[in-house]
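One structure is given below, encoded as structure tokens.
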Amino acid sequence: MSPLDRRTFLTRSLITAGAGAVGVGVGTSASDASAKRPSATEQAHSVLSDELATRIPFDGAHQSGVLTPAQDHMTMLALDSIAPNGAVLFEGLQALSAQARRLMHGDPVGVTEVDDPPPDSGILGAYDAPDALTVTVAFGAALFDDRYGLGHLRPKRLVEMPNFPNDNIDPTRSGGDVLVQVCANHRDTVIHTVREILRATAGKLVVRWTLDGFQSAARGPTPRSNKRNLFAFRDGTANPDVTDAVLMNRLIWVQPGSGEPRWATSGTYQVVRTIRMHVEFWDRVGMLEQEQMIGRYRVSGAPLGGDGEFEDPDYPSDPDGRRIKLDAHIRLANPRTPTTANQRILRRGYNYHRGVDEAGDLDDGLLFIAFNQDPDRQFATIQTRLTPEPMVDYITPVGGGYFFAPPGTSGPPDWVGSGLAAT
Amino acid sequence: MATFVPRFPLQRMRPTQRSGKGRLALAALAALAALVALVAVGALVAVALVGSALSPAGLFGGSRPFSVHRLVAQANPSDPLGVRITRVYGTTTPAKIYGTEIGQQEDQGINRSGQMISDLSPLAPAAFRGPVSAYKRYAAGWLVRVSHETAVLGAALRAGNRAAAESAWRDTWSAYLHLGAVYGLFGSLDQEIDGMPGGVPGGTSSPHFSGLHRIEMGLWTGQPPHSLVRWSNLLAVDVAQLRRVLPGVQITPLVYATRSHEILEDAQRDLLSGMDVPWSGEGVLGTAAGLVATDEVVRTLRPLLGGRDNTLVEVQNELLLLSSALAKVRREHHGTWPTLAELSITQRELVDGTLAGALGALEQLPGSLEAAALPEIPNIPAGQ
Ligand code: HEM
């Protein structure tokens, strides 16, 4: 491929730059269009696919990676702080945000002295393409214990994740002071980001647990069709509409005057559940039974008795569960009544595959991620209602935690969590 | 695509006939398989053979040589052989329906209104009465054993003898697992007797975490045997209670048919993975008990399974393989059940792999044992 085709480069930038928040990064050099020689950033961009060139802003009223459509790859990093005091902790968090901002923007990899270790691992080449990277930072309840004197700032509903019936939570795979959700279009971008973040925060934050996730490919039949989870059912169909700002303020973002500490406004609670799915067991279940457990057709994703994925299951006309059983997953998760409307959550989960367990069974599952304004009113209510669903025989929640993702940042040098230092 | 299962039972073949015409029969079977493949891939021209040569008698016992008579376009691909069947083993459904309509539906996987349906006509629910009572007698027998072993366990704990208590714990727990997949049948009793701390608020330190695994935790983490006596007392009470309720427990055909494969599924998921035996590691012992329970359930179901697909034969073969795999491992450990950690890689692979194979056969049981037609799902009313 030729190093630069300026015309192609500009055209593509113009077309895609209009796509809203998710635009194509044009680097810092679009203004020097009259210059004879392209900058390193321009050169790099000219050979990037649109996917790699896609940039999502780090700064904004809310953090990205919440309403952002799920990129194909993710790694969840749960970190514990070993900082001896609050000042050092804040330094670590500042470094975390600065690194995230730099990587999400995409930069040419700097060159320093040849006898110094390079400042970037370089695994993405000479240019860290943005690749729709999002780094979303959240805090666990543990951060507000007595180590750093932050107790009075703890978001009101931030507690250690309760032990729900049917849970089998492994402490080494749950909890953490700081949660970092790294998502991007390509696996190497995610791995690179994890590596650079750990490098920037070394000595202050250490990994407690981590898990890699992936999205299934978009296999249609329409661009809107949702992708499948590892039980082969479409996942995400009935999510609330993220483009509806009013709805997001009602369901996702913490509002002023809700009794939460002021710094938490515009943040959101992030519930993470590592849910092992016993896929061999599931594969031994008859098709109809699978569909009845979920309440939808496996192939189309339509509610049972319906035709289209996005059709309303219409529970009022099915009071006895002849179409969709009363204990079907979707019916318990969201009975779609006026009183349950404010319990809805935004699910942004990822499939995972961690090899096999001791008995030779696949260790596959769902890294369930839900964003909500109030985990008691929303997530926990749903989770409790799901207790008797027949699907519980095929899944085991093994890890995760409750976290709070603070509001977004105003631009450098602001950092995620700066509200903790300001108050 | 549905696997090909001969609609006429091969069991009718007598050994003498088979030996006499063995090669012919095999050739005929090969041709049959080819035929089915042809039809199944939707070949436009299917093959019809002379009816008389293809009746079961013609195939296996008749004197006429097997031959392709003529090739014609087949109007009814689900019945390419023109075989007349009058009676089908294992069902009271008239052969006309079983062999043609239901068979036709199976091959297409859908009924006339386009919905997916089951391949076999449902069994009468009453047919399960005998198997369920036989299972209950079996379970009652093992419960007597559980009571006895619980008493031995209690005595060892009171005597402060850890080694004896561990051995008694193994016997008690193994005896209990011989009951099979009992969850849900006995209300909360099963959780109290064999429950794990996960899901109990407070986990391992909760006073609600009781039963065999509470004692397991105590014994294998060095708690004084005396401190566990209260749990064995409670266990004895629960077991006695279970013996009282067992005769009255309702086990529906659906539940019974499902349990037939769930016992070993649970063994794989909870026991061989180490999940439910985190302290003792006795996953192999528990699996061996689950195998005995499965064998018993399958034995009671034998009369119902005759002629329903090839399920029984496949299941029995796989269970036999599993039991010889376990026996081999036990021999290699001088007649005792090794803990999970004591398994060599080869032994581990043998046990895991054979169990996975057995589960592959057992998964057919619930489908072969359906006692009710699958429900039709009504459509969402129009005008939404
Ligand atoms: C491995 C575990 C899970 C699997 C396989 C699973 C699968 C599914 C599927 C296939 C759907 C239907 C498609 C859709 O609307 O997205 C669905 C919907 C849903 N699930 Fe789950 N789910 C799991 C865990 C959970 C958990 C832990 C929760 C919350 C506590 C939850 C809450 C929901 C909700 C709220 C819906 C939407 C229902 C509606 O609005 O109609 N799910 N899930």
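Naming: A, B, ... by sequence-line order, numbering from 1 per chain. Treat the numbers as computed from the prediction; the structure is a model and nothing was measured.
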Original post:
Passes side-chain contact (heavy atoms from CB on, under 4.5 Å), L288(A) versus I377(B)? Steps please.
Top reply: CA-CA 10 Å; L288(A) 180 70; I377(B) 296 170; 3.8 Å; yes
Subject >> Interatomic spacing from CD in E262(B) to CG in D393(A) - rounded to 0.5 Å >> reply: 6.5 Å
Subject >> side-chain contact (heavy atoms from CB on, under 4.5 Å) evaluation trace for L359(B) with E280(A) >> reply: CA-CA 9 Å; L359(B) 290 174; E280(A) 288 88 353; over 6 Å; no
Original post:
Among D361(A), I324(A), V285(A), which residue forms the greatest number of heavy-atom pairs with chain B at distances under 4.5 Å?
Top reply: D361(A)
Original post:
What part of P397(A) is in contact with chain B, defined as an atom under 4.5 angstrom from a non-hydrogen atom: side chain, backbone, both or neither?
Top reply: neither
**OP:** May I ask you to check whether over 12 heavy atoms, not counting those of R322(A), lie within 6.0 Å of atom CZ?
**Re:** no
Original post:
Minimum heavy-atom separation for E265(B) to F281(A), with atom names?
Top reply: O-CZ, 3.0 Å
Original post:
Which bit of L355(B) is near chain A, if near means a heavy-atom gap under 4.5 Å: side chain, backbone, both or neither?
Top reply: neither
Original post:
Short question: side chain of R348(B), backbone of E358(A) - any donor-acceptor pair under 3.5 Å?
Top reply: yes
Subject >> Step-by-step side-chain contact (heavy atoms from CB on, under 4.5 Å) determination, I380(B) to R323(A) >> reply: CA-CA 8 Å; I380(B) 294 178; R323(A) 267 198 323 267; 3.4 Å; yes
**OP:** Count the heavy atoms belonging to other residues, nucleotides or ligands that lie under 6.0 Å from CD of E160(A), then report whether that count exceeds 12.
**Re:** no
Original post:
So how far is it from D266(B) CG to H278(A) NE2, rounded to the nearest 0.5 Å?
Top reply: 10.0 Å
Original post:
E289(A) versus chain B, heavy atoms under 4.5 Å apart: side chain, backbone, both or neither?
Top reply: neither
Subject >> CD on Q364(B) to CZ on R284(A), rounded to 0.5 Å >> reply: 12.0 Å
Subject >> Atom pair CG (N168(A)) and CE (M275(B)), whose distance is rounded to the nearest 0.5 Å >> reply: 5.5 Å
**OP:** May I ask you to name which of L362(B), D352(B), L271(B), L272(B) has the most heavy-atom pairs under 4.5 Å with chain A?
**Re:** D352(B)
